[in-house]
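One is the number of the first residue; the rest follow in order along the sequence. Counting convention: from 1, in listed order, for ligands and their atoms alike.
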Amino acid sequence: MDPFEEKLQRLKEAFDTGKTKTAKFRAEQLRSLGRFLQDSSKQLHDALHEDLGKVTKLSSAFIRKEPFGLVLIIAPWNYPLNLTITPLVGAIAAGNCVILKPSEISKNTEKVLAELLPQYLDQSCFAVVLGGPEETGQLLKHKFDYIFFTGSPRVGKIVMAAAAKHLTPITLELGGKNPCYVDDTCDPQIVANRVAWFRYFNAGQTCVAPDYVLCSQEMQERLVPALQNAITRFYGDNPQTSPNLGRIINQKHFKRLQGLLGCGRVAIGGQSDEGERYIAPTVLVDVQETEPVMQEEIFGPILPLVTVRSLDEAIEFIKRREKPLALYAYSSSVEVIKQVLAQTSSGGFCGNDGFMHMTLSSLPFGGVGSSGMGRYHGKFSFDTFSNQRACLLSCSGMEKLNGLRYPPYSPRRQQLLRWAMGSESCTLL
Ligand code: NAD
């Protein structure tokens with residue numbers, strides 16, 4: 001019998017009720033915590049004395065943001081330039097040296113980065129290294145001061161395990177299945193335009209793309225013609241000839257995606273051409289939760305629609321799964337959007353749009369749980385690549401005042417210490 005199981009379950013259930021999120025609850029609990037410290041001061045004092053025989057002051061406190069040192073940046077293939085350069089900017093801005101490992105799969109971009117980038121940067125501080133899983137595995141045996149990884153959750157675990165060997169801090173920018181809830185109050189055409197654009201952008205090979213739609217049976221029926229309309233306007237009658245639709249990165253991913261076309265019922269698209277690694281913008285309807293297309297991140301131009309009977313059922317569906325990188329909710333009711341936001345968790349959230357939240361440098365970008373950890377973009381990149389060193393500079397004189405800290409702790413001295421610790425200018429033990 002696991003001694004922790006019942007307690008953990010109880011706390012998880014309490015968290016799911018949402019009670020810890022209200023401002024009232026948090027204020028109450030913090031006040032209670034304050035009361036505990038006050039009411040139990042004698043017992044705590046005695047306990048601390050028993051445990052540690054244990055008493056700092058007058059100084060200036062500051063945070064010094066300093067570079068970690070040697071940073072490893074590992075990038076994926078789907079936005080092979082953006083996802084190497086954006087973290088690199090943060091790492092350089094914060095003052096680090098960097099080993100950059102682009103994806104071997106986007107081999108042309110990898111080659112350009114390896115050949116040209118070093119000509120522009122100080123080669124004693126910045127290097128591009130090449131290779132796939134084996135070489136990256138070798139690289140990860142070395143001790144870095146920070147690792148910034150973008151890629152799949154599967155490889156994220158490998159990177160995290162390697163970082164753990166050296167206790168190296170990491171950022172993991174991972175992926176997963178991003179839900180998109182559409183309620184019955186929406187204009188189906190507006191939703192279809194936005195969902196189709198974000199789903200089929202880069203042939204669906206985008207970590208923040210809406211992965212699947214959750215909606216009622218009625219909304220599914222209204223969305224299908226609207227999605228068809230959007231797809232035809234964006235990519236023409238034969239999307240294969242459209243210069244605006246990308247191709248699947250390689251044969252392996254093409255085959256994987258082709259295998260998903262058999263799920264549910266094809267309502268739009270479904271065609272593929274192996275020679276061109278082309279998969280048509282596809283909509284699958286009446287998809288069941290248990291089907292393969294709902295088990296893995298799609299990362300391609302396929303959009304399953306899964307029907308639910310209510311908003312609550314949609315929220316339950318989302319919560320049963322790993323926390324996504326992005327979550328989308330479409331409704332003409334702000335209350336509905338707020339409810340989805342309040343009762344779920346994800347790295348990012350966008351109401352009535354696709355991944356626009358990711359384009360704002362004022363917002364931190366990253367995942368939570370299996371979609372990753374850590375944040376970047378804009379100033380958040382600078383902070384990510386900085387060690388926020390907590391510093392205190394004490395005065396070399398004023399020993400009489402500082403003398404208060406030293407034992408023996410008479411009742412008078414304890415009283416003075418308590419007063420001093422309560423004042424803003426003082427630092428505590
Ligand atoms: P991936 O995890 O297969 O590869 C990412 C990097 O890890 C590559 O540089 C690769 O060479 C390296 N790698 C692969 N296998 C390895 C191993 N066994 N040991 C060590 N290193 C290894 O990911 P991918 O296929 O390049 O990219 C797709 C994934 O990335 C998707 O899951 C997508 O959602 C995610 N992604 C996330 C973001 C984000 O910002 N959160 C952005 C883009 C892509």
Side-chain angles (χ1 to χ4, degrees), residues 72-88 90 99-107 109-111 113-114 128-142 144 147-165 168 170-179 198-199 201-212 248-257 295-300 322-327 346-348 355 357-359 361 363-377 380-381 384:
L72 171 63
I73 296 176
I74 303 175
W77 53 262
N78 62 325
Y79 291 92
L81 185 61
N82 181 298
L83 295 172
T84 47
I85 300 299
T86 310
L88 178 64
I99 299 270
L100 192 64
K101 212 300 286 176
S103 172
E104 75 288 4
I105 291 177
S106 42
K107 53 182 183 297
T109 314
E110 180 199 39
K111 188 164 179 278
L113 285 169
V128 179
V129 300
L130 306 182
E134 202 186 316
E135 294 80 358
T136 315
Q138 279 289 109
L139 193 59
L140 283 166
K141 287 190 180 144
H142 294 267
F144 291 90
I147 298 176
F148 187 100
F149 171 80
T150 309
S152 61
R154 183 187 67 81
V155 179
K157 287 177 192 170
I158 296 172
V159 173
M160 192 163 174
K165 292 223 164 85
T168 300
I170 51 171
T171 291
L172 295 177
E173 295 286 342
L174 310 178
K177 289 183 87 61
N178 305 312
F198 287 106
R199 170 73 280 188
F201 190 85
N202 201 27
Q205 302 164 115
T206 305
C207 58
V208 282
D211 188 273
Y212 61 95
I248 306 307
I249 182 81
N250 59 21
Q251 213 65 16
K252 185 175 146 217
H253 282 285
F254 173 82
K255 287 276 184 208
R256 179 183 65 77
L257 289 164
Q295 309 311 314
E296 60 178 91
E297 180 180 5
I298 297 172
F299 226 55
E322 297 288 3
K323 292 178 183 173
L325 183 60
L327 200 155
S346 61
F355 45 80
H357 64 287
M358 193 199 70
T359 63
S361 60
L363 288 180
F365 178 73
V368 58
S370 82
S371 58
M373 60 183 73
R375 292 287 183 271
Y376 78 130
H377 284 191
F380 304 100
S381 293
T384 281

- Message: For the 3.5 Å polar cut-off, considering only N or O atoms, please tell me whether Glu104 and ligand 1 meet it.
- Response: yes
- Item | Within-cut-off N or O pair, Ser371 and ligand 1, under 3.5 Å | no
- Message: Measuring from non-hydrogen atoms of Ile105 to any atom of ligand 1, is the shortest distance under 4.0 Å?
- Response: no
- Query: Would you say Ile74 has any N or O atom under 3.5 Å from an N or O of ligand 1, going by distance alone?
  - Reply: no
- Message: Counting only heavy atoms from other residues, nucleotides and ligands, does the tally under 6.0 Å from CE of Met358 exceed 12?
- Response: yes
- Give the atoms of ligand 1, by number and element, whose distance to some non-hydrogen atom of Lys101 is under 4.0 Å. 8 (C), 9 (O), 10 (C), 11 (O)
- Query: What do you reckon, does Ser103 put a non-hydrogen atom under 4.0 Å from ligand 1?
  - Reply: yes
- Message: Looking only at the side chains, is there a donor atom on one of Thr206 and Tyr79 sitting less than 3.5 Å from an acceptor on the other?
- Response: yes
- Query: Just distances here: any N/O of Leu83 and N/O of ligand 1 closer than 3.5 Å?
  - Reply: no
- Task: Please report which non-hydrogen protein atom sits nearest to atom 7 (O) of ligand 1, along with the residue it belongs to and the distance in Å to one decimal place.
- Result: Phe149 CE1, 3.4 Å
- Value for CZ (Phe365) from OG1 (Thr171), rounded to nearest 0.5 Å, stands at 12.0 Å
- Rounded to the nearest 0.5 Å, what's the gap from OG1 on Thr109 to CG on Asn82? Could you check? 11.5 Å
- Query: Under 3.5 Å, N or O to N or O, is Thr150 touching ligand 1 that way?
  - Reply: no
- Task: Tell me which one of Gly366, Ala209, Cys207 gets a heavy atom nearest to atom 38 (C) of ligand 1.
- Result: Cys207
- Residue-ligand contact Gly367/ligand 1, heavy atom below 4.0 Å: no
- Specify the protein heavy atom at minimum distance from atom 41 (N) of ligand 1: its residue, its atom name, and the distance to 0.1 Å. Leu174 O, 2.7 Å
- Task: Could you tell me whether some N/O pair between Leu325 and ligand 1 is separated by less than 3.5 angstrom?
- Result: no
- Quick one: CD on Gln205 to CH2 on Trp77, what's the gap to the nearest 0.5 Å? 4.0 Å
- Item | For atom 18 (N) of ligand 1, the protein heavy atom that lies nearest, with its residue and separation | Ile158 CD1, 3.5 Å
- Note on the structure: So the atoms of ligand 1 within less than 4.0 Å of a heavy atom of Gly175 turn out to be 34 (O)
- Note on the structure: Filtering Gln205, Lys252, Lys157, Glu297 for the heavy atom nearest atom 32 (O) of ligand 1 leaves Glu297
- Note on the structure: for atom 23 (O) of ligand 1, nearest protein heavy atom and its distance come out as Ser152 N, 3.5 Å
- Which atoms of ligand 1 are found less than 4.0 Å from any heavy atom of Phe365? 40 (O)
- Task: Determine whether any heavy atom of Tyr79 lies closer than 4.0 Å to an atom of ligand 1.
- Result: no
- Go through ligand 1 atom by atom and flag the ones less than 4.0 Å from a non-hydrogen atom of Asn78. 43 (C), 44 (C)
- Task: Out of Leu172, Asp211, Val155, indicate the one that has the non-hydrogen atom closest to atom 3 (O) of ligand 1.
- Result: Val155
- Test of proximity, Trp77 against ligand 1: N or O pairs below 3.5 Å: yes
- Message: Nearest 0.5 angstrom please: Ser152 OG to Leu172 CG, how far?
- Response: 10.5 Å
- Message: Determine whether a donor-acceptor pair (N or O, by modelled atom type, separation under 3.5 Å) exists between the side chain of Lys323 and the backbone of Ser371.
- Response: no
- Spatial distance of atom CZ (Phe380) from atom OG (Ser361) [nearest 0.5 Å]: 9.0 Å
- Looking only at atom types and distance, does a side-chain atom of Asn178 sit under 3.5 Å from a main-chain N or O of Ala209, one as donor and one as acceptor? yes
- Message: Among all the protein's non-hydrogen atoms, which is closest to atom 8 (C) of ligand 1, and how far away is it?
- Response: Ala75 O, 3.2 Å
- Please say whether His253 places an N or O atom under 3.5 Å from an N or O atom belonging to ligand 1. no
- Task: Using modelled atom types only, decide if a donor and an acceptor are shared between the side chain of Arg375 and the backbone of Gly367 within a distance under 3.5 Å.
- Result: yes
- Please round to the nearest 0.5 Å and tell me the distance separating atom CZ of Arg256 and atom CD1 of Ile298. 8.5 Å
- Exam field: side chain Arg199 to backbone Gly300, donor-acceptor pair closer than 3.5 Å: yes
- Would a distance-only check, ignoring hydrogens and angles, find a side-chain to backbone donor-acceptor pair under 3.5 Å from Lys177 to Glu296? yes
- Under 4.0 Å from any heavy atom of Pro76, which atoms of ligand 1 are there? 24 (P), 26 (O), 27 (O), 43 (C), 44 (C)
- Message: More than 12 heavy atoms of other residues, nucleotides or ligands under 6.0 Å from CD of Gln251: yes or no?
- Response: yes
- Counting N and O atoms only, with roles assigned by atom type, does the side chain of Thr84 sit under 3.5 Å from a partner on the main chain of Ala75, one being a donor and the other an acceptor? no
- Could you tell me the residue and atom name of the protein heavy atom closest to atom 35 (C) of ligand 1, and the distance to it rounded to 0.1 Å? Gly151 O, 3.2 Å
- Item | Among Ala162, Pro133, Gly176, closest by any non-hydrogen atom to atom 19 (N) of ligand 1 | Pro133
- Message: Ignoring hydrogens, what is the shortest heavy-atom contact between Ala163 and Ile170? Give both atom names and the distance.
- Response: CB-CG2, 3.5 Å
